[in-house]
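What follows is a single structure, written as structure tokens, with notes after it.
Here the structure is a predicted model, which means the values were calculated and not measured. Along the sequence shown, the residues carry numbers beginning at 1.
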Amino acid sequence: MIDEFAKDNLHGRLRRDREALVWKLDGLSEYDTRRPLTATGTNLLGLVKHVANVEARYFGEVFDRPFPQPLPRWQDHSNGSDLWATEDETRDQIIGFYRRAWEHSDATINELPLDAPGHVPWWREPYPNTNLFAIMVHVLGESIRHAGHADILREGLDGRTGVRAEHEKQIDEEARAAYCAKIEQAARSAAPIKA
């Protein structure tokens, strides 16, 4: 009974964070979804592409349930190519790939028990032999981490925040400025700036 509760809870959170990540692209120009927004090149569409590859691999290859379309070898991503969209890849293609990865992942999660054995060939010894529970926790961690990155990137672009459209509130620039000024004052008071 606890296994089904744990599985349903982890799966529900994974579904929530998938939707949140895709929602972060909503209403943005093609350029803004793709452009590097950090010194390391992190971008919104690249985060979606990366997490899609993570799901396709971990819920596919690890459980001998290969994803139905060809994927680049895991080692081929060492150059960061899974973290950005080429000019030939469209937003719809990447989101479509992510949604197909969801379907494939959901089938694996639904059909296997939490203790189903899996093997992660790219993990170092003694960790490659694992189970569905550990992979669900791992993938959920990846999804949460990158959804958090997307939150910050999106806020930096246009100030929009939140995890779902129905919870989004109208941006009150004056209230935000006052809030940030309060935090800035606390920071300056705690650590005075030297001239």
Could you grab the distance from atom [atom1] of [X] to atom [atom2] of [Y], nearest 0.5 Å is fine?
X: Leu157; Y: Leu28; atom1: CG; atom2: CG; value: 6.0 Å
X: Glu30; Y: Arg91; atom1: CD; atom2: CZ; value: 4.5 Å
X: Leu10; Y: Leu140; atom1: CG; atom2: CG; value: 6.0 Å
X: Ser105; Y: His11; atom1: OG; atom2: NE2; value: 7.5 Å
X: Lys49; Y: Arg34; atom1: NZ; atom2: CZ; value: 9.0 Å

All ring-ring contact (aromatic ring centres under 6.0 Å, His included) counterparts of Trp23, not counting sequence neighbours: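 Not a single residue meets the ring-ring contact (aromatic ring centres under 6.0 Å, His included) criterion with Trp23.
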Are [X] and [Y] close enough that some pair of their side-chain heavy atoms sits under 4.5 Å apart?
X: Asp115; Y: Asp3; result: no
X: Asp26; Y: Arg160; result: yes
X: Lys182; Y: Gln185; result: no

So which pairs with a foot in residues 142-155 pass salt bridge (charged side-chain N to carboxylate O under 4.0 Å, His left out), sequence neighbours left out?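 Listed by first then second residue: Lys24-Asp151, Arg154-Asp158.
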With sequence neighbours left out, which residue pairs that include part of residues 130-140 fulfil the side chain to side chain donor-acceptor pair (under 3.5 Å) condition? Tyr58-His138
ILVMFWY cluster, Leu83 and Leu37 together (side-chain gap under 4.5 Å): no
Are Leu132 and Trp122 connected into the same hydrophobic cluster when the rule is that any two of I, L, V, M, F, W, Y join if their side-chain heavy atoms are below 4.5 Å apart? yes
Atom CZ of Arg13: over 12 foreign heavy atoms under 6.0 Å: no
Flag the pair Arg188 and Glu184 as a salt bridge only when some basic side-chain nitrogen lies within less than 4.0 angstrom of an acidic carboxylate oxygen. yes
